[in-house]
Amino acid sequence: DVVTTLLPLPAPKGHLIVSGSADRTLKTWDARTGTLVREHKGHHGPILGATLGLEGGIVVSAGDDGVCLVFTTE
């Protein structure tokens, strides 16, 4: 589905990217290989945006379902 947000993680995890999309998931990717590392589910509508915590240890996502969810990137 349509990607609505992309978040590069800070060093030393700078090779990881988190994507949020209309399929209601956040996915962590290894940008070096294109490999899916982790998938986070919980929204009941498309993800509209997301942001990283200060050191990249958490992602807060906002969905069209009116909910904000917190996921760890560990």
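The residues of the chain are indexed from 1 along the displayed sequence.
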query = Do T4 side-chain atoms and A22 backbone N/O form a donor-acceptor pair below 3.5 Å?
reply = no
What side-chain donor-acceptor pairs closer than 3.5 Å can you find for residues 41-50, not counting sequence neighbours?
residue: H43; atom: ND1; partner: D65; partner atom: OD1; Å: 3.3
residue: H43; atom: ND1; partner: D65; partner atom: OD2; Å: 3.4
residue: H43; atom: NE2; partner: S61; partner atom: OG; Å: 2.7

Group every Ile, Leu, Val, Met, Phe, Trp and Tyr by side-chain heavy-atom contacts under 4.5 Å, then state whether V18 and V67 land in the same group.
-> yes
- State plainly whether one hydrophobic cluster holds both L6 and V37, where clusters connect Ile, Leu, Val, Met, Phe, Trp and Tyr through side-chain heavy atoms under 4.5 angstrom apart. no
Residues passing the salt bridge (charged side-chain N to carboxylate O under 4.0 Å, His left out) test with D30, sequence neighbours excluded, are R32
Salt bridge (charged side-chain N to carboxylate O under 4.0 Å, His left out) filter on K13, not counting sequence neighbours, yields E74
Value for CD1 (I17) from OG1 (T5), rounded to nearest 0.5 Å, stands at 11.5 Å
Separation between CZ (R38) and CG (L26), nearest 0.5 Å, reads 11.0 Å
- Message: Within the structure provided, determine whether T35 and W29 are in side-chain contact (heavy-atom separation under 4.5 Å).
- Response: no
Are H15 and T33 packed together at the side-chain level, in the sense that at least one heavy-atom pair is separated by less than 4.5 angstrom? no
- Task: Using the side chain to side chain contact (heavy atoms under 4.5 Å, CB included) rule, take T73 and L16 through it: C-alpha gap first, then chi angles, then the decisive distance, then the call.
- Result: CA-CA 10 Å; T73 60; L16 298 176; over 6 Å; no
Would you say CD of E39 has more than 12 non-hydrogen atoms from neighbouring residues, nucleotides or ligands within 6.0 angstrom? yes
(message) Let's go through D64 and R24 carefully: what are the C-alpha distance in whole Å and the side-chain angles of both, what is the deciding distance for side chain to side chain contact (heavy atoms under 4.5 Å, CB included) to 0.1 Å, and is it a yes or a no?
(response) CA-CA 9 Å; D64 190 51; R24 305 179 312 239; over 6 Å; no
Scanning both residues in full, the closest heavy-atom pair of S19 with V3 reads CB-CG1, 4.3 Å
